[in-house]
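Report on one structure; see the data block that follows.
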Number of protein chains: 2
Amino acid sequence: MPPNTSTDLKIACSNCNLREICLPVELTESEMHRLEDLSNNKRSYMSGGYLYRTGDRFRSLHAIRSGSFKTRVLHEDGREQVTGFLMAGEIIGLDAISTDFHTCEAVAMEDSEVCELPFTKLEELSREIPSLQRHLHKIMSREIVRDQGIMLLLGSMRAEERLAAFLLNLSQRNATHGMSATQFKLRMSRLEIGSYLGLKLETVSRAFSHFQDDGLIQVKARAVELLDLPRLRTLVGKS
Amino acid sequence: MPPNTSTDLKIACSNCNLREICLPVELTESEMHRLEDLSNNKRSYMSGGYLYRTGDRFRSLHAIRSGSFKTRVLHEDGREQVTGFLMAGEIIGLDAISTDFHTCEAVAMEDSEVCELPFTKLEELSREIPSLQRHLHKIMSREIVRDQGIMLLLGSMRAEERLAAFLLNLSQRNATHGMSATQFKLRMSRLEIGSYLGLKLETVSRAFSHFQDDGLIQVKARAVELLDLPRLRTLVGKS
DNA sequence: TAGATGACTTGATATATGTCAAAATGGTTG
DNA sequence: CAACCATTTTGACATATATCAAGTCATCTA
């Protein structure tokens, strides 16, 4: 299975005009209002800006309102590993609950906006609203499942399978957020894709070229069109 | 950083005689009793037995009381990836909260016992006991951090670094559970280690042999002794 | 205890991906 | 628009790990 649709949020975020896509369906009007109070703090980040850094004190989760972020963990010796690409509607910062400090850093890949979700308040509210509690648990669990999908990818797939899985995952998430499943612009460089997939950028580039030669995709720099979804899927499945 | 100390549990499990190691410190007597009611169901599994399988309906988390389990995800084409090795005191099943179905399977690596923690009840209780709620959140977050550590390992470390990180992680978890940090018996085969680390069993075996030739470890089949922890650590750190 | 079976080690060789280098392309800024 | 810089592509070559193949060693059962 490719890395899964990740933590797309259906929590809160009403003040952020994400009412329609971000709310758990089961809330009463009054619960809704309380949720709105929670998430009234909105912030903007320029491309390249840090939402948080490794070691920062944890206070809030963030719901991405627009734009996208990458998360990465840094190794002592300077090596870095991109651990996720997050887009609008997804929740970022779950790693930090564990120790009250962030264990990775989050960088905007384009100009982006987030809603702040103060965690203590979120916990309070979820004690009172069972459906919200369950929702929060699901979001965290989904992140675990997503990570295990990436472990599968990194541990047992070859370069082109990894890239195919990656493209299909982007495709699916784009579709989920109402965008095209077959045409999109990559927000990340070959280097970042390589880090995420455990490959060197040259290998990523060659895989892109090879897919294009095979008629699987059309790619020009960061503009990608998936021409043959079924064949991409079989590529991931078997080999 | 090597894969982190994983989800060692301090929840519940009083009836399971894990009172001393498993309880969040901050509970009152009455809260304690309620927790005990929660976790009164104990089960045994023989080596090779399934705690759950992919697709099983999710009802409970499980606290491992004794023994150990491996979790693995299966790829359509039959490839499998071991995603974790869990030992006594750790919590298993967090992946399933996401969809209410298990997304991986858990197999006992030796004769083992678990406490069942019915999740709905756990949620109820954690709505009423904030310190328990926070604890549950930390356990889930810790699993996320652990998985990201493994992603770093799989994505950016070479074979011997991976094995060194793996051994150091086992060492640390053993120590956490009051066992020797330098001498232990592996509960898993070279094949399983290889799957977990994204390597073939021959590569794992060669790395073991090489470490032994270098005086880093003493290894005979599954009995391992770490002879030079500092040098193992530098091996993981830089290269 | 012997025999059988699966686990592990070791060697020779193959191959996927990494490395190094150069050229082409695209985007950005004055 | 031009010049510049970063990004991407492509090629030639190097290497870590996989693959294939024996052979040895452990563990379990009869």
Side-chain angles (χ1 to χ4, degrees), chain A residues 46-48 70 79-82 107 109-111 153-167 185-214 216-225 235-236 239, chain B residues 46-48 70 79-82 107 109-111 153-167 185-214 216-225 235-236 239:
Chain A
M46 288 193 314
S47 181
K70 65 176 172 183
R79 265 178 296 187
E80 78 169 65
Q81 168 86 19
V82 173
V107 182
M109 294 196 296
E110 60 193 308
D111 294 350
L153 177 147
L154 292 171
S156 69
M157 288 170 52
R158 292 185 301 98
E160 297 197 347
E161 298 176 86
R162 294 183 200 187
L163 185 63
F166 173 70
L167 291 172
K185 185 160 180 213
L186 300 171
R187 312 251 84 114
M188 64 296 282
S189 69
R190 302 288 188 264
L191 186 70
E192 290 165 332
I193 296 173
S195 172
Y196 183 66
L197 298 179
L199 302 168
K200 295 294 160 183
L201 76 292
E202 295 95 328
T203 307
V204 174
S205 178
R206 278 186 243 272
F208 269 121
S209 299
H210 187 213
F211 283 175
Q212 178 158 254
D213 294 347
D214 271 19
L216 284 167
I217 68 173
Q218 177 74 39
V219 57
K220 184 164 193 183
R222 298 195 181 182
V224 176
E225 180 174 5
L235 218 171
V236 176
S239 164
Chain B
M46 288 195 313
S47 180
K70 66 176 172 182
R79 265 180 295 189
E80 79 171 61
Q81 168 87 18
V82 173
V107 183
M109 294 196 296
E110 60 193 309
D111 293 351
L153 179 146
L154 292 171
S156 69
M157 289 171 51
R158 292 184 303 101
E160 298 197 346
E161 300 176 86
R162 294 184 200 187
L163 185 63
F166 174 70
L167 291 172
K185 186 160 179 214
L186 300 171
R187 312 251 81 118
M188 64 296 280
S189 69
R190 303 288 189 265
L191 185 70
E192 289 165 333
I193 296 173
S195 172
Y196 183 64
L197 298 179
L199 302 168
K200 294 295 160 182
L201 74 294
E202 294 96 327
T203 306
V204 174
S205 179
R206 280 186 242 272
F208 269 120
S209 300
H210 187 214
F211 283 176
Q212 178 158 254
D213 294 347
D214 270 16
L216 285 167
I217 67 172
Q218 176 73 38
V219 58
K220 184 165 192 184
R222 298 198 181 181
V224 176
E225 179 174 5
L235 218 171
V236 176
S239 161

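Labels below follow one simple rule: chain letters A, B, ... track the order of the sequence lines, proteins then strands, and each chain is numbered from 1.
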**Request:** State which residues pass salt bridge (Lys or Arg N to Asp or Glu O under 4.0 Å) with B/E225; sequence neighbours excluded, sorted by chain then number.
**Result:** none
**Item:** Test salt bridge (Lys or Arg N to Asp or Glu O under 4.0 Å) applied to A/R187 - qualifying residues, sequence neighbours left out
**Value:** A/E110
**Where chain A begins and ends its contact with DNA chain D, read 5' to 3' at 4.0 Å from heavy atoms** =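 Reading along DNA chain D, I get D/dT7 to D/dA12.
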**Prompt:** Within the structure shown, what part of the strands sits under 4.0 Å from A/G194 by heavy-atom distance: base, sugar-phosphate, or nothing?
**Reply:** nothing
**Asked** Between the two end axes of the helix from C/dT1-D/dA30 to C/dG30-D/dC1, each built from 5 base pairs, what angle do you get to the nearest 10°?
**Response**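 Between the axes fitted at each end of the helix from C/dT1-D/dA30 to C/dG30-D/dC1 lies an angle of 50°.
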**Item:** 5' precedence on DNA chain D between B/L201 and A/S189 (nearest-nucleotide basis)
**Value:** A/S189
**Asked** CG/B/L199 to OG/A/S156 distance, rounded to the nearest 0.5 angstrom?
**Response** 12.0 Å
**Request:** Measure the spacing between CG of A/D214 and CD of A/E160 and express it to the nearest 0.5 Å.
**Result:** 7.5 Å
**Request:** Could you identify which residues of residues 203-212 of chain B place a heavy atom less than 4.0 Å from some atom of DNA chain D, listed by residue number, or say none?
**Result:** B/T203, B/R206
**Prompt:** Can you name the residues that form a side chain to side chain contact (heavy atoms under 4.5 Å, CB included) with A/K220, not counting sequence neighbours?
**Reply:**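 Once residues adjacent in sequence are excluded, A/K220 has no partner under the side chain to side chain contact (heavy atoms under 4.5 Å, CB included) criterion.
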**Prompt:** Residues two or more places apart in sequence or in another chain: which of them pass side chain to side chain contact (heavy atoms under 4.5 Å, CB included) with A/S189?
**Reply:** A/L191, A/E192, A/R222
**Request:** Could you please spell out the steps behind the side chain to side chain contact (heavy atoms under 4.5 Å, CB included) verdict for B/I193 and B/L163?
**Result:** CA-CA 9 Å; B/I193 296 173; B/L163 185 63; 4.2 Å; yes
**Message:** Quick check on DNA chain C: between A/K200 and B/R222, whose nearest nucleotide comes earlier from the 5' end?
**Reply:**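 Whichever sits nearer the 5' end wins; that is B/R222.
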**Request:** Decide yes or no on side chain to side chain contact (heavy atoms under 4.5 Å, CB included) for A/R162 and A/L154, but give the supporting numbers first.
**Result:** CA-CA 8 Å; A/R162 294 183 200 187; A/L154 292 171; 4.0 Å; yes
**Message:** Please check: side-chain N/O of A/Q218 versus main-chain N/O of A/V224, any donor-acceptor pairing under 3.5 Å?
**Reply:** no
**Sidechain-backbone polar pair: B/D111 side chain, B/M46 backbone, donor-acceptor under 3.5 Å** =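 Here the side-chain-to-backbone pair does not exist.
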**Message:** Using side chain to side chain contact (heavy atoms under 4.5 Å, CB included), reason through B/F166 and B/L197 one step at a time and then give a plain yes or no.
**Reply:** CA-CA 8 Å; B/F166 174 70; B/L197 298 179; 4.0 Å; yes
**Message:** Using the rule given for side chain to side chain contact (heavy atoms under 4.5 Å, CB included), can you reason through A/M157 versus A/V236, listing the C-alpha separation, both sets of side-chain angles and the distance that settles it, and then say yes or no?
**Reply:** CA-CA 8 Å; A/M157 288 170 52; A/V236 176; 3.9 Å; yes
Can you give me every donor-acceptor pair (side chain of residues 200-208 of chain A, partner residue at least two apart or in another chain, under 3.5 Å) with its distance?
none

**Request:** Extract, from 5' to 3' on DNA chain C, the first and final nucleotides lying under 4.0 angstrom from some heavy atom of chain B.
**Result:**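 Going 5' to 3' along DNA chain C, contacts run C/dA7 to C/dA12.
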